[in-house]
Amino acid sequence: MITTQDGSQLLIDLGMFQGPKEITDLNYLPLKFNPSQVKGVFLTHAHLDHCGRLPLLVFGGFAGKIYMTAATAALMELILTDAAKVAQEKIDYVPLYNPDDVQKVLDMVEIVDYDHEVAVGTFRITFKDAGHILGSACIEIVDTQDNKKIIFSGDLGNTPEDIGCHGINVW
Ligand SMILES: [Zn+2]
(Lines give C-alpha, C1' and ligand atoms only; values in the text may rest on other atoms or scores of the structure.)
Protein backbone atom coordinates (compact mmCIF):
# COMPACT_ATOMS: atom_id res chain seq x y z
CA MET A 1 0.00 0.00 0.00
CA ILE A 2 1.26 3.44 -0.92
CA THR A 3 -0.35 6.40 0.82
CA THR A 4 0.46 9.98 -0.13
CA GLN A 5 0.30 13.06 2.09
CA ASP A 6 -3.23 13.83 0.87
CA GLY A 7 -4.39 10.33 1.83
CA SER A 8 -4.58 8.89 -1.69
CA GLN A 9 -3.86 5.18 -1.70
CA LEU A 10 -2.62 2.69 -4.27
CA LEU A 11 -2.43 -1.03 -3.62
CA ILE A 12 0.00 -3.44 -5.27
CA ASP A 13 -1.03 -7.11 -5.14
CA LEU A 14 -3.24 -8.76 -2.53
CA GLY A 15 -2.06 -12.34 -2.29
CA MET A 16 -3.28 -15.39 -0.48
CA PHE A 17 -1.22 -16.73 2.43
CA GLN A 18 -0.26 -20.31 1.63
CA GLY A 19 1.34 -22.98 3.80
CA PRO A 20 0.59 -24.51 7.21
CA LYS A 21 -2.61 -23.62 9.08
CA GLU A 22 -1.02 -20.88 11.20
CA ILE A 23 -0.10 -19.15 7.94
CA THR A 24 -3.35 -19.77 6.02
CA ASP A 25 -5.32 -18.49 9.04
CA LEU A 26 -3.90 -15.06 8.20
CA ASN A 27 -6.21 -14.98 5.17
CA TYR A 28 -9.17 -14.51 7.52
CA LEU A 29 -7.83 -11.44 9.33
CA PRO A 30 -9.57 -8.19 8.41
CA LEU A 31 -7.75 -6.08 5.84
CA LYS A 32 -5.60 -3.37 7.45
CA PHE A 33 -7.00 -0.70 5.15
CA ASN A 34 -10.35 0.49 3.84
CA PRO A 35 -10.76 -0.79 0.25
CA SER A 36 -13.25 1.97 -0.54
CA GLN A 37 -10.40 4.51 -0.08
CA VAL A 38 -8.07 2.82 -2.58
CA LYS A 39 -7.80 4.68 -5.89
CA GLY A 40 -6.36 1.80 -7.89
CA VAL A 41 -4.90 -1.67 -7.58
CA PHE A 42 -1.92 -2.92 -9.58
CA LEU A 43 -1.15 -6.60 -9.98
CA THR A 44 2.44 -7.67 -10.64
CA HIS A 45 1.57 -11.22 -11.75
CA ALA A 46 -0.98 -14.00 -11.48
CA HIS A 47 0.55 -16.32 -8.87
CA LEU A 48 -1.97 -16.98 -6.09
CA ASP A 49 0.31 -15.51 -3.42
CA HIS A 50 -0.02 -12.19 -5.27
CA CYS A 51 -3.65 -12.17 -6.50
CA GLY A 52 -5.45 -14.65 -4.21
CA ARG A 53 -7.25 -12.18 -1.93
CA LEU A 54 -8.29 -9.62 -4.58
CA PRO A 55 -11.97 -10.66 -4.21
CA LEU A 56 -11.85 -9.38 -0.61
CA LEU A 57 -11.59 -5.87 -2.05
CA VAL A 58 -15.10 -6.26 -3.44
CA PHE A 59 -16.51 -7.02 0.01
CA GLY A 60 -14.76 -3.93 1.35
CA GLY A 61 -16.35 -1.55 -1.15
CA PHE A 62 -13.49 -1.11 -3.60
CA ALA A 63 -14.92 0.52 -6.72
CA GLY A 64 -11.82 1.30 -8.76
CA LYS A 65 -9.89 -0.60 -11.39
CA ILE A 66 -7.40 -3.43 -11.05
CA TYR A 67 -4.60 -2.86 -13.55
CA MET A 68 -2.57 -5.72 -15.04
CA THR A 69 -1.14 -6.99 -18.30
CA ALA A 70 -3.35 -9.00 -20.66
CA ALA A 71 -1.51 -12.24 -19.95
CA THR A 72 -1.80 -11.70 -16.20
CA ALA A 73 -5.55 -11.17 -16.58
CA ALA A 74 -5.95 -14.41 -18.51
CA LEU A 75 -3.92 -16.40 -15.98
CA MET A 76 -5.55 -14.70 -12.97
CA GLU A 77 -9.02 -15.70 -14.21
CA LEU A 78 -7.96 -19.35 -14.26
CA ILE A 79 -6.16 -19.21 -10.92
CA LEU A 80 -8.86 -17.36 -8.94
CA THR A 81 -11.66 -19.45 -10.44
CA ASP A 82 -9.77 -22.61 -9.56
CA ALA A 83 -9.03 -21.35 -6.03
CA ALA A 84 -12.71 -20.59 -5.44
CA LYS A 85 -13.79 -24.03 -6.68
CA VAL A 86 -11.16 -25.89 -4.67
CA ALA A 87 -12.16 -23.97 -1.54
CA GLN A 88 -15.80 -24.99 -2.00
CA GLU A 89 -14.81 -28.66 -2.21
CA LYS A 90 -12.78 -28.70 1.01
CA ILE A 91 -14.79 -29.76 4.05
CA ASP A 92 -12.40 -28.36 6.67
CA TYR A 93 -12.10 -24.93 5.09
CA VAL A 94 -14.33 -21.88 5.02
CA PRO A 95 -14.10 -20.38 1.51
CA LEU A 96 -12.84 -16.81 1.38
CA TYR A 97 -15.04 -16.19 -1.66
CA ASN A 98 -16.97 -17.97 -4.39
CA PRO A 99 -16.82 -17.92 -8.22
CA ASP A 100 -19.35 -15.06 -8.36
CA ASP A 101 -16.96 -12.90 -6.34
CA VAL A 102 -14.17 -13.79 -8.76
CA GLN A 103 -16.33 -12.52 -11.61
CA LYS A 104 -16.66 -9.16 -9.85
CA VAL A 105 -12.87 -8.92 -9.77
CA LEU A 106 -12.68 -9.76 -13.49
CA ASP A 107 -15.18 -6.98 -14.20
CA MET A 108 -12.76 -4.48 -12.61
CA VAL A 109 -9.77 -5.49 -14.71
CA GLU A 110 -8.09 -2.80 -16.79
CA ILE A 111 -5.49 -4.07 -19.23
CA VAL A 112 -2.21 -2.19 -19.48
CA ASP A 113 0.69 -2.74 -21.85
CA TYR A 114 4.30 -2.89 -20.81
CA ASP A 115 6.09 0.46 -20.97
CA HIS A 116 2.91 2.52 -21.38
CA GLU A 117 2.21 5.06 -18.63
CA VAL A 118 -1.14 4.94 -16.82
CA ALA A 119 -2.46 7.92 -14.81
CA VAL A 120 -4.37 7.29 -11.59
CA GLY A 121 -5.02 10.43 -9.57
CA THR A 122 -1.66 12.13 -9.14
CA PHE A 123 0.24 8.92 -9.82
CA ARG A 124 1.87 7.87 -13.09
CA ILE A 125 2.33 4.11 -13.32
CA THR A 126 4.32 2.03 -15.81
CA PHE A 127 4.50 -1.77 -16.01
CA LYS A 128 7.94 -3.21 -16.89
CA ASP A 129 8.59 -6.80 -17.92
CA ALA A 130 9.81 -8.78 -14.87
CA GLY A 131 10.52 -12.05 -16.73
CA HIS A 132 9.04 -14.12 -13.88
CA ILE A 133 5.96 -15.73 -15.48
CA LEU A 134 3.92 -14.82 -18.52
CA GLY A 135 2.65 -11.26 -18.07
CA SER A 136 4.66 -10.53 -14.93
CA ALA A 137 5.69 -6.96 -14.28
CA CYS A 138 7.69 -4.65 -12.10
CA ILE A 139 5.61 -1.58 -11.36
CA GLU A 140 7.11 1.89 -11.54
CA ILE A 141 5.11 4.54 -9.69
CA VAL A 142 5.75 8.26 -9.89
CA ASP A 143 3.95 10.50 -7.42
CA THR A 144 3.71 13.80 -9.25
CA GLN A 145 2.71 15.67 -6.07
CA ASP A 146 5.75 14.63 -4.07
CA ASN A 147 7.95 14.10 -7.14
CA LYS A 148 8.99 10.67 -5.89
CA LYS A 149 9.49 7.44 -7.80
CA ILE A 150 9.06 3.95 -6.38
CA ILE A 151 9.70 0.72 -8.26
CA PHE A 152 7.97 -2.36 -6.88
CA SER A 153 9.76 -5.37 -8.29
CA GLY A 154 7.23 -8.11 -7.58
CA ASP A 155 8.80 -11.51 -8.20
CA LEU A 156 11.72 -11.28 -10.59
CA GLY A 157 13.19 -13.49 -13.22
CA ASN A 158 13.09 -17.11 -14.17
CA THR A 159 16.72 -17.69 -15.05
CA PRO A 160 17.70 -18.67 -17.68
CA GLU A 161 14.33 -18.29 -19.41
CA ASP A 162 13.17 -14.92 -20.73
CA ILE A 163 9.42 -14.90 -20.28
CA GLY A 164 7.41 -11.84 -21.25
CA CYS A 165 4.24 -11.15 -23.16
CA HIS A 166 5.17 -8.35 -25.53
CA GLY A 167 2.67 -8.35 -28.35
CA ILE A 168 0.55 -11.21 -27.04
CA ASN A 169 -3.17 -10.42 -26.90
CA VAL A 170 -4.89 -13.11 -24.83
CA TRP A 171 -7.49 -11.12 -22.89
ZN1 LIG B 1 5.50 -15.46 -8.42
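FYI, side chains are in, hydrogens and waters are out, and symmetry mates aren't considered; it's all heavy atoms of this structure.
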Is there a side-chain contact between [X] and [Y] (heavy atoms, below 4.5 Å)?
{"X": "Leu10", "Y": "Ile141", "answer": "yes"}
{"X": "Leu156", "Y": "His132", "answer": "no"}
{"X": "Phe123", "Y": "Val142", "answer": "no"}
{"X": "Leu14", "Y": "Val41", "answer": "no"}
{"X": "Met16", "Y": "Thr24", "answer": "no"}
{"X": "Ile125", "Y": "Tyr67", "answer": "no"}
{"X": "Met108", "Y": "Leu57", "answer": "no"}
{"X": "Phe42", "Y": "Phe152", "answer": "no"}

To the nearest 0.5 Å, what is the distance between [atom1] on [X] and [atom2] on [Y]?
{"X": "Asp13", "Y": "Cys51", "atom1": "CG", "atom2": "SG", "value": "8.5 Å"}
{"X": "Leu80", "Y": "Leu48", "atom1": "CG", "atom2": "CG", "value": "7.0 Å"}
{"X": "Phe127", "Y": "Asp115", "atom1": "CZ", "atom2": "CG", "value": "11.5 Å"}
{"X": "Ile79", "Y": "Leu54", "atom1": "CD1", "atom2": "CG", "value": "11.5 Å"}
{"X": "Ile12", "Y": "Leu43", "atom1": "CD1", "atom2": "CG", "value": "10.0 Å"}
{"X": "Asn27", "Y": "Leu56", "atom1": "CG", "atom2": "CG", "value": "8.0 Å"}

Quick one: do Met76 and Leu106 satisfy side-chain contact (heavy atoms from CB on, under 4.5 Å)? Show the steps, please. CA-CA 9 Å; Met76 183 193 74; Leu106 299 176; 3.7 Å; yes
Taking all heavy atoms of [X] and all of [Y], pick out the closest pair and write down the distance.
{"X": "Ala130", "Y": "Ser153", "answer": "CB-O, 4.4 Å"}
{"X": "Thr69", "Y": "Gly135", "answer": "OG1-O, 2.8 Å"}
{"X": "Ala83", "Y": "Tyr97", "answer": "CB-OH, 4.0 Å"}
{"X": "Thr44", "Y": "Gly154", "answer": "CG2-CA, 4.0 Å"}
{"X": "Tyr114", "Y": "Ser136", "answer": "OH-O, 2.6 Å"}
{"X": "Val120", "Y": "Lys39", "answer": "CG1-O, 3.9 Å"}

Test log, rule side-chain contact (heavy atoms from CB on, under 4.5 Å), inputs Val109 and Met68: CA-CA 7 Å; Val109 169; Met68 65 193 73; 3.8 Å; yes
Per the salt bridge (Lys or Arg N to Asp or Glu O under 4.0 Å) rule, what does the pair list look like for residues 52-76, sequence neighbours excluded?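 Matches after skipping sequence neighbours: Lys65-Glu110.
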Test side chain to side chain contact (heavy atoms under 4.5 Å, CB included) applied to Asn34 - qualifying residues, sequence neighbours left out: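 For Asn34 the side chain to side chain contact (heavy atoms under 4.5 Å, CB included) partners, ignoring immediate neighbours, are Ser36, Gln37.
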According to side chain to side chain contact (heavy atoms under 4.5 Å, CB included), who are the partners of Ile23, at least two apart in sequence or on a separate chain? Phe17, Pro20
Please tell me whether [X] and [Y] are part of a single hydrophobic cluster in this structure, the criterion being side-chain heavy atoms less than 4.5 Å apart.
{"X": "Ile151", "Y": "Ile139", "result": "no"}
{"X": "Met1", "Y": "Leu31", "result": "yes"}
{"X": "Val105", "Y": "Phe33", "result": "yes"}

Residues that Asp107 engages under side-chain hydrogen bond (donor to acceptor under 3.5 Å, both in side chains), provided they are two or more places apart: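 With sequence neighbours excluded, Asp107 shows a side-chain hydrogen bond (donor to acceptor under 3.5 Å, both in side chains) to Gln103, given in chain and number order.
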If the condition is side-chain hydrogen bond (donor to acceptor under 3.5 Å, both in side chains), which residues does Thr3 pass it with, not counting sequence neighbours? Gln9
Please confirm whether the backbone N or O of [Y] pairs with a side-chain atom of [X], one donor and one acceptor, at under 3.5 Å?
{"X": "Thr81", "Y": "Leu78", "result": "no"}
{"X": "Tyr28", "Y": "Val94", "result": "yes"}
{"X": "Asn98", "Y": "Asp101", "result": "yes"}

With sequence neighbours left out, which residue pairs that include part of residues 138-151 fulfil the side-chain hydrogen bond (donor to acceptor under 3.5 Å, both in side chains) condition?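 Pairs touching residues 138-151 that pass the test: none.
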Are Asp155 and His47 close enough that a side-chain donor and a side-chain acceptor fall under 3.5 Å?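 The answer is no; no qualifying pair exists.
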